[in-house]
> 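What follows is a structure written as structure tokens; I'll ask about it next.
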Amino acid sequence: MPLGQALFFAGRGEEARAPLEEARTLPGARRRATSALALSYLSLIELAGGDAERSELLARDALALADEIGHAGTAAASNPHLALG
């Protein structure tokens with residue numbers, strides 16, 4: 001996840017996609033706030049690429065995950081809100 005995040009912030013969204021996708025599939029990923037962040041960055045990448053529908057789906061999944069694991073009121077929920085905005 002940190003590699004994907006760093007690539008995203010460096011403006012290398014397409015390169016960030018693989019490590020962010022991988023972070024979603026690691027064992028226990030659905031119980032970690034970092035998975036919500038990975039979904040958020042993927043959502044923002046889709047938005048930047050012009051796929052608003054896919055971006056919204058990913059952002060809503062990130063929000064649902066954040067809520068599910070008790071992080072709806074933390075920074076883990078800020079990026080999906082940004083993508084939805």
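Residue numbers start at 1 and run along the sequence shown. On a predicted model such as this, the values are computed, not experimentally measured, just so you know.
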> Linking I/L/V/M/F/W/Y whenever their side-chain heavy atoms sit closer than 4.5 Å, directly or via other members, would Leu26 and Leu58 fall into one cluster?
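Not linked; separate clusters.
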> Membership question, hydrophobic clusters at under 4.5 Å side-chain separation (ILVMFWY): are Leu65 and Leu44 in the same one?
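Leu44 clusters together with Leu65.
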> Hey, could you give me each pair passing ring pair (Phe, Tyr, Trp, His ring centres under 6.0 Å) that has a residue in residues 63-85? Not counting sequence neighbours.
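Non-adjacent pairs meeting ring pair (Phe, Tyr, Trp, His ring centres under 6.0 Å): zero.
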> Name all residues meeting the salt bridge (charged side-chain N to carboxylate O under 4.0 Å, His left out) criterion together with Glu15; count only those two or more places apart in sequence or in a different chain, and write none if there are none.
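Here the qualifying residues are Arg12.
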> How far does CG of Leu42 sit from CD of Glu46, to the nearest 0.5 angstrom?
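Taking CG in Leu42 and CD in Glu46, the distance rounds to 7.5 Å.
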> Quick one: closest heavy-atom pair of Ser40 and Asn79, and the distance?
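Residues Ser40 and Asn79, closest heavy atoms: CB-CB, 3.4 Å.
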> Quick test of your reading: applying ring pair (Phe, Tyr, Trp, His ring centres under 6.0 Å), list the pairs with at least one residue in residues 4-26, sequence neighbours left out, ordered by first then second residue.
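Residue pairs with at least one partner in residues 4-26: Phe8-Tyr41, Phe9-Tyr41.
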> From Asp61 CG over to Glu68 CD, what is the distance, rounded to the nearest 0.5 angstrom?
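If we round to the nearest 0.5 Å, Asp61:CG and Glu68:CD are 9.0 Å apart.
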> For Glu14, enumerate each residue passing the salt bridge (charged side-chain N to carboxylate O under 4.0 Å, His left out) test, keeping only those at least two apart in sequence or located in another chain.
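Listed in chain order: Arg17.
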> What pairs with Arg32 under salt bridge (charged side-chain N to carboxylate O under 4.0 Å, His left out), at least two apart in sequence or on another chain?
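With sequence neighbours excluded, Arg32 shows a salt bridge (charged side-chain N to carboxylate O under 4.0 Å, His left out) to no residue whatsoever.
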> Minimum heavy-atom separation for Leu63 and Pro80, please, with both atom names.
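Reported closest heavy-atom pair: CG-CB, 3.6 Å.
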> Quick one: do Leu39 and Leu84 end up in the same hydrophobic cluster if we chain Ile, Leu, Val, Met, Phe, Trp and Tyr together by side-chain heavy atoms under 4.5 Å apart?
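Different clusters.
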> Sequence neighbours left out, what passes side chain to side chain donor-acceptor pair (under 3.5 Å) with Ser43? Give chain and number order.
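Ser43 satisfies side chain to side chain donor-acceptor pair (under 3.5 Å) with Ser55 once adjacent residues are dropped.
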> OG1/Thr74 to CD1/Ile69 distance, rounded to the nearest 0.5 angstrom?
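That separation rounds to 7.5 Å.
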> Restricting to non-hydrogen atoms, name the atom on Ala38 and the atom on Ala23 that form the minimum distance, rounded to 0.1 Å.
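Where Ala38 meets Ala23 most closely, the heavy atoms are CB-CB, 4.2 Å.
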